[in-house]
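These notes concern the structure reproduced below.
Each chain gets a letter, A, B and so on, in the order the sequences are listed, and its residues count up from 1.
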Amino acid sequence: MTTSSRLRALTRHNLFWPVAVLVLLLLVNVPFTPDFFSVRMSDGHLYGSLVSIVLFGSPLILVAVGMTLVIATGGIDLSVGAVVAITGALACSYISDQADQGAMSGVLLAMGLGLLAAVVCGLWNGFLVARMGIQPIIATLIIMVAGRGLAQLITDGQIITINSEPYKLIGGGYWLTLPFSIFVVAVVVAVTVALTRRTALGLLVESVGGNAEASRLVGIRSRRIKIMVYVFCALCAGIAGLMISSNTSAADGNNAGLWIELDAILAVVIGGTSLLGGRFSIGGTVVGALVIQTLTTTIYTIGVPTQTNLVFKAAVVIVVCLLQSPKFRAKIFGARFAARFGAKTGAKPAAAPADPASATEAAPKMEVS
Amino acid sequence: MSTTTQSPTAASDSRTPSKAARLLADRRLPVAATALLFLVMYGVGLGRYQYYGFAEPQVFLNLFIDNGYLLVAAVGVTFVILSGGIDLSVGSMIGFTTMFTAWLVERQGLPIVVVIPMALAVGAFGGFLMGYVIHNFEIQPFIVTLAGLFLFRGLCLVISKESISITDSSVSSMAQAQVSLGMGFLSIGAIVSLVVLAVAFYVLHYTRFGRRVYAIGGNEQSALLMGLPQGGTKIAVYTVSGFCSALAGLLFTLYIQSGDPLHATGMELDAIAAVVIGGTLLTGGSGYVLGTLFGVLVLGLIKSIIQFEGTLSSWWTKIATGVLLCAFILVQRAMTARKKT
């Protein structure tokens with residue numbers, strides 16, 4: 001293997017561009033914060049910019065990992081932000097009702113309640129998408145609209161603050177010198193990767209995303225797979241909701257997880273998962289979520305007014321989407337370039353029907369016969 | 001002889017399904033259902049709060065005054081949804097317009113008559129850009145308008161983090177102007193929104209452009225094969241939506257007399273909900289802009305009833321909107337499933 005072919009193989013790896021962007025963003029920080037990469041020990045905890053990026057990025061990573069599987073089936077889940085709010089609201093209001101807020105059993109029960117609510121939301125989304133055949137954007141819009149209302153109903157419109165040591169651990173605590181949330185994220189990501197890449201599950205998800213009807217005809221229970229991914233996505237959002245409310249020790253029905261669905265979709269897209277479905281990369285999503293968190297941190301550290309944050313993100317979405325669009329690459333860089341680098345993302349749109357709507361419409365039509 | 005007499009009845013039996021099925025397949029059904037829902041809700045309101053002045057005509061007119069901006073935004077979204085797309089940037093565009101207008105009027109001292117065309121141009125251009133990217137680079141409308149959402153919300157914050165209240169006398173006189181109707185009055189915003197609705201009604205149902213929007217939403221491939229200028233129409237639809245959002249932003253500015261970076265957060269969802277409740281099919285190609293009016297009125301009535309109820313809190317609006325959205329989506333689904341059999 002010559003160096004040039006090795007280099008080409010490297011740039012073709014699906015994690016190359018996301019990682020390159022991440023490294024670049026991290027390096028941008030160095031001139032502004034010379035000790036950006038230093039991690040110091042204090043109080044038995046590790047402190048440093050890198051640690052805080054992972055700490056504050058953990059909820060986003062969780063939500064984005066769940067979103068990846070939904071997008072891989074050709075769907076989308078807009079309700080994750082509302083699920084974050086509902087879960088946090090339910091857990092915090094349960095804890096605040098306890099006589100002893102620090103009691104382990106109460107905290108565990110509160111977390112169980114929150115996650116149960118998240119699973120119910122996921123089942124509802126999955127039911128609407130898979131059983132009723134409603135477009136995912138619209139089906140999940142319902143909980144996106146009503147969910148925040150529900151969360152406010154649970155908290156009675158107040159911001160519920162709690163004071164519970166064990167609950168504080170999930171989102172704001174430390175374990176083995178590292179933020180505890182890192183371990184939660186690591187476990188979720190490891191389990192997801194193991195389930196999707198060590199078993200056939202990932203393949204099934206991809207086949208449902210590629211063509212739900214065809215995969216149903218070859219004997220895959222595509223509806224069940226779809227319901228499963230929505231439940232999984234909601235569960236991930238639920239864990240993120242516990243983390244966010246635990247980190248602030250408060251449940252805010254209106255603002256918890258606000259716009260996290262957009263960040264999560266962005267993370268998935270940066271990670272190289274096509275919005276058309278049919279293929280996914282969990283690793284890419286994790287890197288994508290880290291890119292977004294690093295971008296946010298970078299904007300803070302280099303002294304750009306923080307309110308431009310959203311403009312930067314918009315620019316990133318546009319650039320990433322344009323680069324993923326085969327038509328854009330063909331127009332700007334010429335057909336040869338597009339063909340050469342097309343292997344990364346170009347293969348899928350070429351194989352997919354030209355009109356994404358026709359793929360989704362095919363399913364209900366066939367069900368009739 | 002017997003065959004000739006029998007054939008019409010036999011044909012009518014096999015071709016036209018039962019009355020109930022025919023009713024369900026009628027495209028006007030969702031609009032009628034929404035109108036009926038509105039009347040029922042209004043009737044319930046009359047019954048419950050008649051001693052609190054619910055029966056006054058002004059309460060009804062206030063629905064238009066308080067929701068004029070939503071109506072304008074929803075009309076723009078109706079165009080997009082009819083064409084089979086979606087526009088998530090509406091709320092941000094409205095927020096941005098309030099900020100842009102307030103900033104130019106208050107901080108730069110420009111007269112409002114100069115600012116209005118500028119704001120409309122910015123909105124239309126933003127919509128055009130999104131439509132251009134959606135059509136030319138074949139990126140899903142959902143993701144492009146999502147980027148638009150981020151962009152315009154960010155631009156709001158770039159202008160100012162703080163809200164800017166408008167003290168300009170010409171703006172406040174415009175905002176307080178009342179057009180008497182005999183039994184009550186309407187604001188300028190309400191009048192503008194009704195004019196927009198009328199124009200949209202004419203454009204969608206009586207012009208070539210309107211037919212193209214329906215054709216593309218119905219089946220893009222067929223529309224393309226028929227030789228319709230599909231690209232131009234698509235871009236125009238998003239331009240219309242951008243323009244309507246900016247206009248809605250101006251009306252919202254008049255209504256609330258300030259610019260705030262957080263104005264109209266999530267209003268795109270209200271607009272989409274109004275369109276869906278109004279009976280427009282989310283897959284595109286079928287629906288009436290008058291349905292959107294009823295959708296907006298129903299949403300507005302929920303808010304009024306919650307105000308009159310007094311003990312209900314504002315989050316019930318969100319829950320009620322979600323429940324209605326869900327019900328109408330399921331009805332739509334049942335109708336389209338029936339049509340295909």
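Using a distance-only test at 3.5 Å, with no hydrogens or angles considered, no donor-acceptor pair links the side chain of Thr98(B) to the main chain of Gly249(B). A distance-only check finds no donor-acceptor pair linking the side chain of Ser160(B) to the backbone of Cys156(B) [under 3.5 Å]. Side chain of Tyr238(B) to main chain of Gly126(B): no donor-acceptor pair is present (N/O by atom type, distance under 3.5 Å, no hydrogens or angles). Under the 3.5 Å distance criterion, the side-chain polar atoms of Thr34(B) are matched with a main-chain donor or acceptor of Ile277(B). Remark: the backbone N or O of Leu78(A) is paired with a side-chain donor or acceptor of Thr140(A) at under 3.5 angstrom.
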Kindly list each side-chain donor-acceptor pair under 3.5 angstrom involving residues 222-230 of chain B, sequence neighbours excluded, with atom names and distances?
| residue | atom | partner | partner atom | Å |
| --- | --- | --- | --- | --- |
| Ser222(B) | OG | Asn219(B) | ND2 | 3.2 |
| Gln230(B) | NE2 | Glu220(B) | OE2 | 2.4 |

Checklist entry - Passes side-chain hydrogen bond (donor to acceptor under 3.5 Å, both in side chains), Ser258(B) versus His263(B)? Steps please. => result CA-CA 9 Å; Ser258(B) 71; His263(B) 271 340; 3.2 Å; yes
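Of the atoms belonging to Ile139(B), it is side-chain heavy atoms, and not backbone ones, that fall under 4.5 Å from chain A. With a threshold of 4.5 angstrom between heavy atoms, Ile142(A) approaches chain B through its backbone and through its side chain. Within the 4.5 angstrom heavy-atom criterion, no atom of Leu324(B) approaches chain A. With a 4.5 Å cut-off on non-hydrogen atoms, Leu146(B) touches chain A through its side chain but not through its backbone. Proximity to chain A is absent for every atom of Phe152(B), based on heavy atoms less than 4.5 angstrom apart.
Ranked by heavy-atom pairs under 4.5 Å with chain A, the first of Val158(B), Asn136(B), Leu155(B) is Asn136(B). Interface remark: of the candidates Val145(A), Leu266(A), Ile318(A), Val145(A) forms the most heavy-atom pairs closer than 4.5 Å to chain B. Here Ile143(B) is the residue among Thr321(B), Ile143(B), Ile86(B), Asp270(B) with the most heavy-atom pairs under 4.5 Å with chain A.
What you find for Leu295(A) and Lys313(A) is that their closest heavy atoms are CD2-CG, 4.1 Å.
Residue-level contacts of residues 127-135 of chain B with chain A, in order of numbering, are Val133(B), His135(B); threshold 4.5 Å between heavy atoms.
Considering CZ of Phe312(A) and OG1 of Thr298(A), their distance stands at 9.5 Å, rounded to 0.5 Å. Note that OG1 of Thr292(B) is 7.5 Å distant from CG of Leu82(B), once rounded to the nearest 0.5 Å.
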